[in-house]
A.B. asks: 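Sharing a structure, written as structure tokens. Questions coming.
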Amino acid sequence: MSGWRTVVYRLVRPLLFAFEPERIHRLTISGLRIAGGNPIGRWLLRLLGGAPRQPAAADVLGLSFRNRVGIGAGFDKDGRALRGWAALGLGFAEVGTVTPVGQPGRDRPRLFRLVEDEALINRMGFNNAGAVDVARSVMLVRQRLPAGFMVGVNIGRGAATDPERAADDYVEAYRLVAPVADYVAVNVSSPNTPGLRDLQDADRLRDLLRALRAEGERLNATPPLLVKLAPDLSQEDFDVLVALVAGEEAGLILGNTTLSRDGLRSAHAGETGGLSGKPLLEPMLATVAGARGLAPTAVIVASGGIDSAADVAAAYRAGADLVQLWTGLVYRGPGLIGEAVAVPRDTP
């Protein structure tokens, strides 16, 4: 990053990092919601984001995105700050993970900064307000979002649901959010809900995707599906699942947080949960390139470790159609959005 946005965020970040991470996270969402709700606040957010006035639009998933850069699931779980994300200059926001019934998630503390590694560890556990509440939030704000700003909804299984009945939760959540979502992301890869990753079994995942398609046809609401895969899969399992997802005409989000702790230096490295941030960049680029080779026409969303324009360019070269930011915003600030949006898809 360069310019005054970098300087400002470098001055502010030590103050932010002096507070407990989840508290700052909640305050960030509240601030974006308030600022996004009034003209002066939106002007200020546009200034902070620094996105180009007329970024290159993108036709992906049969949708016309105003640009290719979005916020990944988990930052705005309940879709409270959608107008704020749009004002910052993003092309889309993925809310959730959403479960059919709201749940509080795991006990706190459950979010940790690994400053030396420019990473986070979370064990949030799908804390969310529930699919009805999230669908209502998206529906009410829809008419006030700028043209081309897309809203995806990420769905998952409730913590109290028997793993053998997991598909029922996904279908129920889908039933509630599909009518208001531009796309639906199927999260079968979070490490923080016991047994969830078992849905990355090929037969179970195929059955789940077909059940969601059938429910969409019954509802006459069939937003595009994407599947969010774990970065910890074996090469053999990864290859099988990429081929399966592509064969079911769904897209891929690569990937989720990881259980790996290779090379970390921070004191919190031993915390349980999923790791996000800079350590995921190279593995993410490798999986995107691998998936593009296996599925030349599939839609691929690169998600993991992106914190610079150079990282965005690398994701595009690897084969990504869209990119998602998350932990990079924590360490680099909102100016990262403008830098990311300015990178052309056909970057050399």
Side-chain angles (χ1 to χ4, degrees), residues 13 16-17 20-25 28 70-77 94 96-97 105-127 154 156 159 185 187-200 227-235 237-238 241 252-291 301-308 311-312 314-315 318 320 323-333 336:
R13 198 180 84 168
L16 299 177
F17 280 21
E20 188 260 337
E22 191 169 348
R23 180 181 179 187
I24 293 299
H25 185 212
T28 298
I71 186 70
F75 210 122
D76 187 3
K77 290 175 180 285
E94 187 174 310
T97 296
R106 307 274 292 270
D107 292 338
R108 295 174 61 178
R110 53 191 181 178
L111 180 62
F112 306 90
R113 297 186 194 97
L114 284 67
V115 177
E116 295 86 350
D117 302 298
E118 297 185 54
L120 299 172
I121 289 176
N122 92 82
R123 50 174 179 263
M124 305 297 285
F126 290 173
N127 56 308
N154 185 300
N187 188 348
V188 292
S189 52
S190 171
N192 295 321
T193 297
L196 188 85
R197 288 187 169 192
D198 292 344
L199 287 167
Q200 292 179 127
V227 178
K228 189 166 187 172
L229 295 179
D232 305 315
L233 292 165
S234 70
Q235 188 64 56
D237 288 342
F238 177 79
L241 292 178
L252 293 154
I253 302 176
L254 303 172
N256 211 320
T257 56
T258 181
L259 294 172
S260 172
R261 298 293 188 266
D262 292 346
L264 298 182
R265 299 172 292 152
S266 302
H268 288 302
E271 294 289 347
T272 59
L275 175 75
S276 64
K278 196 66 174 176
L280 273 70
L281 178 64
E282 293 304 322
M284 180 274 289
L285 294 174
T287 58
V288 168
V301 182
S303 184
I306 295 172
D307 71 357
S308 69
D311 295 345
V312 174
V323 299
Q324 290 180 334
L325 308 177
W326 210 118
T327 305
L329 290 174
V330 173
Y331 287 96
R332 297 288 179 258
L336 174 61

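The first residue in the sequence is number 1, and the count goes up from there. Quantities reported herein were computed from a predicted structural model and do not represent experimental measurements.
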A.B. asks: Flag the pair L196 / N187 as yes when at least one side-chain heavy-atom distance between them is below 4.5 Å, and no otherwise.
C.D. replies: yes
A.B. asks: Please enumerate all residues that pass side-chain contact (heavy atoms from CB on, under 4.5 Å) together with P283, with sequence neighbours excluded.
C.D. replies: none
A.B. asks: Name all residues meeting the side-chain contact (heavy atoms from CB on, under 4.5 Å) criterion together with A289; count only those two or more places apart in sequence or in a different chain, and write none if there are none.
C.D. replies: A318
A.B. asks: Show the nearest heavy-atom pair for residues T257 and P231, with the distance to one decimal.
C.D. replies: O-CD, 3.4 Å
A.B. asks: What are the two closest non-hydrogen atoms of A302 and A315, and how far apart are they?
C.D. replies: CB-CB, 3.8 Å
A.B. asks: To the closest 0.5 Å, what do you measure between CZ (R123) and CZ (R110)?
C.D. replies: 10.5 Å
A.B. asks: What's the verdict on side-chain contact (heavy atoms from CB on, under 4.5 Å) for I24 and F17, showing C-alpha distance, side-chain angles and the deciding distance?
C.D. replies: CA-CA 8 Å; I24 293 299; F17 280 21; over 6 Å; no
A.B. asks: Evaluate the criterion side-chain contact (heavy atoms from CB on, under 4.5 Å) for residue pair L229 and T287; output intermediate values, then yes/no.
C.D. replies: CA-CA 10 Å; L229 295 179; T287 58; over 6 Å; no
A.B. asks: I'd like to check the salt bridge (Lys or Arg N to Asp or Glu O under 4.0 Å) partners of R108; sequence neighbours left out, ordered by chain and number.
C.D. replies: E20, E22
A.B. asks: Using the salt bridge (Lys or Arg N to Asp or Glu O under 4.0 Å) criterion, which residues pair with R106? Sequence neighbours excluded.
C.D. replies: none
A.B. asks: So, using ring pair (Phe, Tyr, Trp, His ring centres under 6.0 Å) as the criterion, who are the partners of H268 when residues are at least two apart?
C.D. replies: F112
A.B. asks: Hey, what do you get for CG (N256) to OG1 (T97), rounding to the nearest 0.5 Å?
C.D. replies: 7.5 Å
A.B. asks: Looking at P279 and A119, what are the two nearest heavy atoms and their distance?
C.D. replies: CD-CB, 3.8 Å
A.B. asks: Kindly give the heavy-atom pair with the smallest separation between A291 and L254, and that separation in Å.
C.D. replies: CB-CD1, 3.6 Å
A.B. asks: Do side-chain atoms of R261 reach the backbone of G270 as a donor and acceptor pair under 3.5 angstrom?
C.D. replies: no
A.B. asks: Taking ring pair (Phe, Tyr, Trp, His ring centres under 6.0 Å) as the definition, give me every residue that meets it alongside F75, ordered by chain and number, with sequence neighbours left out.
C.D. replies: H25, W85, W326
A.B. asks: Contact between L275 and L114 at the side-chain level, heavy atoms closer than 4.5 Å - yes or no?
C.D. replies: yes
A.B. asks: Ignoring hydrogens, what is the shortest heavy-atom contact between G156 and F126? Give both atom names and the distance.
C.D. replies: CA-CE1, 4.1 Å
A.B. asks: Report the residues that fulfil side-chain hydrogen bond (donor to acceptor under 3.5 Å, both in side chains) with R197, sequence neighbours left out, ordered by chain and then residue number.
C.D. replies: D232
A.B. asks: Under the side-chain hydrogen bond (donor to acceptor under 3.5 Å, both in side chains) test, which residues partner N122, sequence neighbours left out?
C.D. replies: N192
A.B. asks: Measure the OG-CD1 distance between S303 and I253 for me, rounded to the nearest 0.5 Å.
C.D. replies: 7.0 Å
A.B. asks: Can you sort out the partners of D237 under side-chain contact (heavy atoms from CB on, under 4.5 Å), two or more places apart, ordered by chain and number?
C.D. replies: L233, S234
A.B. asks: Please assess R113 against L120 for the test side-chain contact (heavy atoms from CB on, under 4.5 Å), listing each intermediate value before the final yes or no.
C.D. replies: CA-CA 5 Å; R113 297 186 194 97; L120 299 172; 3.9 Å; yes
A.B. asks: Would you please name every residue forming a side-chain contact (heavy atoms from CB on, under 4.5 Å) with A73, sequence neighbours left out?
C.D. replies: E94, N154, K228
A.B. asks: Looking only at heavy atoms, what is the nearest atom pair of G273 and L259, with distance?
C.D. replies: O-CD2, 3.7 Å
A.B. asks: side-chain contact (heavy atoms from CB on, under 4.5 Å), that's the test. Do D76 and I71 meet it? Break it down for me.
C.D. replies: CA-CA 8 Å; D76 187 3; I71 186 70; 5.7 Å; no
A.B. asks: What residues, two or more places apart in sequence or in another chain, satisfy side-chain hydrogen bond (donor to acceptor under 3.5 Å, both in side chains) together with E282?
C.D. replies: none
A.B. asks: Under the side-chain hydrogen bond (donor to acceptor under 3.5 Å, both in side chains) rule, collect the residues that match up with D311, sequence neighbours excluded.
C.D. replies: K278, S308
